[in-house]
Amino acid sequence: MKLKPEEEVRLNHILAPIKNDERVQDMKNYIQHGRITTFEHVESVTRLSYWINKRFHLGGDDRVLSIGAFLHDYYLYDWHETDDGHGLHGFSHSKTAKDNAVEHFGIGKHTQSVIESHMWPLNITKLPRSREAWIVCVADKCVSTKETLLCR
Ligand SMILES: [Fe+2]
Ligand SMILES: [Fe+2]
């Protein structure tokens, strides 16, 4: 999965203000899977989402897609500590991430729905309702599976 130089420039341009925010940088302090931090995880999901959108000519909006993907796990806590094996994190974190993203960056409805529906089908009622939401939902599952297998 490789982005073209002009795609790298475009992606960096869209994400720079978000990526450099210290609250977003805080995702480097939390582990997602194995040794992968949440920051590394969302970066991988964003790049894969961008790649899928371009290579398959899906026509998703670059900004909604990239910002939604980068903030899809913006819940800002260590789920290994808070979950206690109840599995509630899986159900609740997409809403927490969306609420943080709204509060910190004022993201619009379209981007909010990308974040909120990324855990479908676990959150069965939060069906992805746009092509950007479907792309992020699929990309997150691919990246998460790879990260989980790598840490075994
Ligand atoms: Fe997630
Ligand atoms: Fe994720």
Side-chain angles (χ1 to χ4, degrees), residues 1 3 11-12 14-15 17-56 58 60-152:
M1 190 242 343
L3 298 179
L11 191 56
N12 282 335
I14 295 170
L15 291 178
I18 291 193
K19 244 178 160 172
N20 296 325
D21 187 285
E22 64 181 35
R23 296 165 298 193
V24 173
Q25 290 279 323
D26 192 35
M27 286 198 281
K28 289 181 177 172
N29 297 318
Y30 306 115
I31 291 292
Q32 191 76 10
H33 304 112
R35 288 199 201 116
I36 311 283
T37 66
T38 304
F39 192 93
E40 291 167 320
H41 167 76
V42 299
E43 212 163 26
S44 301
V45 172
T46 305
R47 295 179 68 83
L48 179 58
S49 298
Y50 199 93
W51 183 88
I52 291 172
N53 188 38
K54 293 299 174 199
R55 293 306 168 275
F56 295 98
L58 299 180
D61 181 90
D62 283 355
R63 282 190 73 82
V64 169
L65 181 73
S66 311
I67 294 174
F70 211 89
L71 297 177
H72 84 275
D73 278 332
Y74 188 49
Y75 48 80
L76 301 175
Y77 58 82
D78 187 331
W79 66 270
H80 304 84
E81 281 170 20
T82 54
D83 203 42
D84 278 338
H86 300 307
L88 291 176
H89 164 80
F91 292 97
S92 61
H93 78 272
S94 51
K95 184 181 183 306
T96 310
K98 183 214 72 175
D99 289 345
N100 288 341
V102 170
E103 194 185 322
H104 298 172
F105 301 104
I107 59 161
K109 287 271 177 235
H110 195 159
T111 312
Q112 288 176 36
S113 84
V114 171
I115 298 175
E116 251 184 332
S117 62
H118 85 268
M119 286 305 288
W120 189 86
L122 183 66
N123 280 355
I124 195 77
T125 58
K126 297 273 182 248
L127 183 76
R129 295 196 185 279
S130 63
R131 58 190 88 185
E132 296 84 2
W134 275 111
I135 295 169
V136 172
C137 186
V138 169
D140 182 47
K141 279 161 191 67
C142 296
V143 170
S144 298
T145 304
K146 188 179 156 208
E147 289 170 351
T148 307
L149 291 176
L150 277 179
C151 79
R152 295 260 158 94

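Please read all numbers here as calculations on a predicted model, not as lab measurements. Ligands are counted one by one from 1 in listed order, and the atoms in each one are counted from 1 as well. Start at 1 with the first residue, then count along the sequence.
- Aromatic ring centres of H89 and Y75 lie closer together than 6.0 Å.
- Take the N/O/S atoms of D73: the one nearest the Fe ion (ligand 2) is OD2.
- Between K54 and D62 there is a salt bridge, since at least one side-chain N of the basic residue sits less than 4.0 Å from a carboxylate O of the acidic one.
- Residue contact annotation: H118 places no N/O/S atom under 2.8 Å from the Fe ion (ligand 2).
- For the Fe ion (ligand 2), the nearest N, O or S atom contributed by D140 is named OD1.
- Side-chain rings of F70 and F39 approach one another, their centers coming within less than 6.0 Å.
- Note: H118 and H72 have perpendicular aromatic rings, judged against thresholds of 30 and 60 degrees for the angle between ring planes.
- A donor-acceptor pair is defined here as one N or O able to donate and one able to accept, closer than 3.5 Å; no such pair exists between the side chain of T111 and the backbone of I107.
- As for H72, its N/O/S atom nearest the Fe ion (ligand 2) is the one called NE2.
- Note on H93: its N/O/S atom closest to the Fe ion (ligand 1) is NE2.
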